[in-house]
Amino acid sequence: MFGKVLVSNRGEIGVRLIRALRELGIRSVAVYSDADQASLAVSLADEAAYLGPSPSTESYLNIGKILDAAGRHRVDAIHPGYGFLSENPDFAEACSNARIVFVGPPAEAIRRLGSKISARKLAIAAGAPVVPGTEQPVADLDQAKSIARSLGYPVLLKASAGGGGKGMRQVDREQDLASTLRDASSEAQRAFGNSEVYIEKVVVEPRHIEIQILGDHHGNLIHLGERECSIQRRHQKVIEECPSPVMLAYPELRQRMGEAALRIARAAAYTNAGTMEFLVDRDRNFYFLESNTRLQVEHPVTELVTGLDLVEWQLRIAFGERLTISQEDVSWSGSAMECRIYAEDPDNSFMPSPGRIEHLREPSGPGVRLDSGIYPGFTVPLDYDPLLAKLAVWGPARERAIGRLDRALAEYSISGIRTNVAFFREVLADAEFRAGRLSTAFLDGFFSRRTKPDVSLESEAAAALALAASFAQPEPAASGEGVSGWLAEARRNLLR
Ligand code: MV4
């Protein structure tokens, strides 16, 4: 096994990786920026290497600095975690050139799956279902029109180089196609340096379900089942779980989606850990969406139900060991659920809330797994994603996992910064959530169902008054005339 591994990441995933290395008897090297000098990861690692100033481009995204640190500390391998350089094929290649093992898939597999068009083509060639749409970038408006007509509106324009919802636009009618196509390709050019756009039919209120895979360098490839990640806010996952509630009702779906994921991975000559993302519609048709060629944030829920350590397997595979688990050996026990604990303010549009953590009590107890990157006195930097910790629980069934997660959330006590802890307890109490009726539209529905007593009783009372008062007044001829501005607004809102 490796003697020493550099962790080119920070925060909770830095801690997760350093812990795994120690358990396996491997020395760890943490890298850090100015903002992370006093991080938990740095204090837990065997060695630490300073990268430079806080901005990611001068630290965790800087290939030269990371390879320098790896050379100085004489490591055998680099684990990139998620985000930062984890899906950068040039980084994977630069590691190999420096004779350092990149703990992840080969650069070529990252490239094949990195572009969405190329991943789509690969999935089609492998016989996996994809959303109906184009296999090539759109050539011109006339072609786009005829494709959209044959698919039927609404359609989605997606940037080939995009991902995570960036560069995606819905077109509801043909008269909007020309302008949206222009906007989409210029946005894609600006954001990704690649203006290619392709067309897909819209899947209405889908579930987002992903399949975890593991492949070694000896031709063994298995899947570890699904994670349901439908609860997202602005393409940011909020709660993840395994099994998906839909699999509890239709168990054969796991096998069919697992096989599709393996076909795609095989076609990409994939090794190490990876994820194939799918959309699942109301009739339980599933469609390959895109691939994540890294360890994912939500990997703990898979670990809790399968009993496998994904990071351990990533390291063993990268070292060249054989996968000793066959597909038949993989089993799923009970139910796991994870909340992403963020330094953000749910009462202020979920704005990031970095700052110094004054007091901290973290949950623990039976069935609770906490992957945390914080401690009392730590200052959450504003330079990076404000993920503080992942709270994951296991229970013998979904209801028990929900109860346990709520109990663990109730044990949290953090002062000095705002967090989304209380928000999760509201979501867990929601009847639709408890019934497992999930889709990517879940949170929109949740927000419209939710009536926060302290805020909305007051505003509803004001609105009712406004409406009553407004009917005593003549209909405003123009805004602000006859009825005062806020009254007109209230009337418009209530009569909508
Ligand atoms: C879709 C879709 C519906 N139909 N594609 C959003 C992120 C990117 N990975 C793809 N996304 C979607 N693609 C078709 N043909 C709906 C989404 C989508 C979504 C997907 C997964 C998780 C959350 C989402 C939220 C809104 C839209």
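Read the numbers this way: they start at 1 and go in the same order the structure lists the ligands and their atoms.
Close contacts of ligand 1 with L289, meaning ligand atoms under 4.0 Å from a residue heavy atom, involve 9 (N), 10 (C), 13 (N). Heavy-atom proximity to H208, at under 4.0 Å, picks out these atoms of ligand 1: 21 (C), 22 (C). Of all atoms in ligand 1, numbered sequentially from 1 with element shown, those under 4.0 Å from a heavy atom of E200 are 5 (N), 14 (C), 15 (N). Those atoms of ligand 1 that come under 4.0 Å of a heavy atom in Q232, given as number and element, are 22 (C), 23 (C).
Checked by atom type and distance alone, the side chain of S230 pairs as donor or acceptor with a backbone atom of H208 at under 3.5 Å. Counting only distance, with no hydrogens or angles, the side chain of D430 and the backbone of F446 share no donor-acceptor pair below 3.5 Å. Looking at K65, its side chain does come within 3.5 Å of a backbone N or O of E58 through a donor-acceptor pair. Under a 3.5 Å cut-off, the side chain of W313 and the backbone N or O of D216 do not form any donor-acceptor pair. Between the side chain of S244 and the backbone N or O of V246, at least one donor-acceptor pair lies under 3.5 Å.
Residue-to-ligand polar distances place E290 within reach of ligand 1: an N/O pair is separated by less than 3.5 Å. Between K116 and ligand 1, no N or O atom pair is found at a separation short of 3.5 Å. In terms of polar-atom proximity, V202 is not counted as a contact of ligand 1, lacking any N or O under 3.5 Å from an N or O of the ligand. By the 3.5 Å distance cut-off applied to N or O atoms, K158 is counted among the residues near ligand 1.
Under the 30°/60° scheme for interplanar angles, the aromatic rings of F423 and F447 are found to lie parallel.
With a 4.0 Å heavy-atom cut-off, ligand 1 is reached by the side chain of L279 but not by its N, CA, C or O. Only backbone heavy atoms of K201 (N, CA, C or O) come within less than 4.0 Å of ligand 1; its side chain stays farther off. For L156, every heavy-atom contact with ligand 1 shorter than 4.0 Å involves the side chain, none the backbone.
Among E277, E241, E228, the one residue that satisfies the salt bridge (Lys or Arg N to Asp or Glu O under 4.0 Å) test with R207 is E228.
F442 carries R449 over the face of its six-membered ring, with the cationic atom under 6.0 Å from the centre and within 45° of the normal.
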